[in-house]
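Here is the structure we will look at, set down as structure tokens.
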Amino acid sequence: MKSLSKTQLTVGSFALLLIFAAVWQWGPTALGVPEFVLPKLSSTVVEGVRMFQVENLWLHIGVTALEVIAGFVIGSALGVMIGVILGLSPSTEAMLSPYILALQIAPKVAFAPLFVMWMGYTIYPKILVAVLIVFFPVMINVLGAVRAVDPDMVNLVRALCGRRWQIFRFVEFPSAMQALFAGLRIASTLAVIGVTVGELVGGDRGLGYLLVYGEGQGNTAMVFVSIAGLTVIGIAAYAAVVWLERRALHYVPRAAMNIA
């Protein structure tokens with residue numbers, strides 16, 4: 001089957017967006033759905049403009065974006081570090097893996113109220129929840145990639161009198177880059193989820209807080225605007241990871257990178 005050109009794909013994607021917007025605008029009225037249940041697209045846009053003017057929406061977007069960036073960066077850095085350590089030391093993995101697994105299995109929503117009790121209604125509980133959610137997928141991907149390094153390449157560097165750090169620098173870490181970015185893609189979306197959970201539980205600012213506030217006011221349009229803001233932040237975070245991946249792994253064929 002002949003593949004579509006980039007222009008055709010763009011046109012098709014834009015057409016789907018127009019169809020979605022049309023269904024959102026006229027679908028609720030045609031189905032007799034009340035505005036307080038499912039507001040029309042135009043009503044949601046009007047509410048978004050009002051929130052920018054009255055509710056200081058830019059501030060809430062900025063707070064959430066800052067928390068997402070901080071949680072993503074810290075969680076990813078910890079995931080890379082722990083993943084490398086466990087990948088290079090099977091005995092360390094055997095000793096720590098039960099505790100890491102227990103931390104991952106424990107529901108992150110349960111930690112959010114605890115963090116709020118410890119640190120109050122600040123940005124730190126939200127960042128910590130995001131860190132917990134981001135950490136595991138990055139760590140697992142890096143761990144698996146380090147373990148899957150070609151032993152012949154390692155033996156070659158050793159035969160050339162390479163030191164341990166040189167084996168890591170020239171063989172193990174480059175081999176783990178693709179798996180690392182795969183984990184970062186997942187983590188970029190999970191960071192938004194973690195921050196939203198934290199703001200829902202104990203936020204006084206941010207889009208998650210606006211979700212709760214809109215729900216309490218019975219303002220469905222405000223809830224939709226908040227969801228749209230969170231979606232845009234998630235898309236921006238994912239796009240930033242893809243952009244960085246393309247530049248860091250520019251030598252890898254596009255098909256092998258599987259970049260959207």
Flag side-chain contact, heavy atom, 4.5 Å: L180 against L184: yes
Single-linkage hydrophobic cluster, 4.5 Å side-chain cutoff, V68 and V134 together: no
Atom pair CG/CD1 of D204 and I123 - distance to nearest 0.5 Å: 11.0 Å
Student check: side-chain heavy atoms of H60 and S226 closer than 4.5 Å: no
Heavy-atom check, side chain of F135 versus side chain of I82, under 4.5 Å: yes
Spatial distance of atom CZ (R50) from atom CG (N219) [nearest 0.5 Å]: 6.5 Å
Interatomic spacing from OG1 in T189 to CZ in F72 - rounded to 0.5 Å: 9.5 Å
Same apolar cluster: Y121 and Y213, side chain cutoff 4.5 Å: no
S89 (side chain) donor-acceptor with I85 (main chain) under 3.5 angstrom: no
Separation of L210 CG from E55 CD (nearest 0.5 Å): 7.0 Å
Side-chain heavy atoms of V195 within contact of V129, under 4.5 Å: no
Residue pair Y209 / V63, side-chain heavy-atom distance below 4.5 Å: no
Qualifying residues under ring pair (Phe, Tyr, Trp, His ring centres under 6.0 Å), relative to F181, sequence neighbours excluded: none
Gap between atom CG of L190 and atom OG of S188 - 0.5 Å precision: 8.0 Å
Closest heavy-atom pair and its distance - L57, G48: CD2-O, 4.2 Å
Note, E35 side chain near S43 side chain (heavy atom, < 4.5 Å): yes
Matching residue for T196 among T64, V201, L230, I233 - test: side chain to side chain contact (heavy atoms under 4.5 Å, CB included): L230
Linked, directly or transitively: V49 and W58 (ILVMFWY side chains, under 4.5 Å): no
Which atom of A112 lies closest to which atom of G198, heavy atoms considered: CB-CA, 4.4 Å
Set of ring pair (Phe, Tyr, Trp, His ring centres under 6.0 Å) partners for W24, sequence neighbours left out: F20, F224
Aromatic ring pairing F115/F111, orientation class (parallel under 30°, perpendicular over 60°, tilted between): parallel
Distance-minimising heavy-atom pair for A187 and V138: CB-CG2, 3.8 Å
Backbone of S42 reached by a side-chain donor or acceptor of Q25 within 3.5 Å: yes
Residues forming a side-chain contact (heavy atoms from CB on, under 4.5 Å) with L96, sequence neighbours excluded: L86, T92, I100
Minimum side-chain heavy-atom gap T10-F14 below 4.5 Å: no
Contact check, side chains of V142 and V84, non-hydrogen atoms, under 4.5 Å: yes
CD1-CE distance between I227 and M222, expressed to the nearest 0.5 angstrom: 12.5 Å
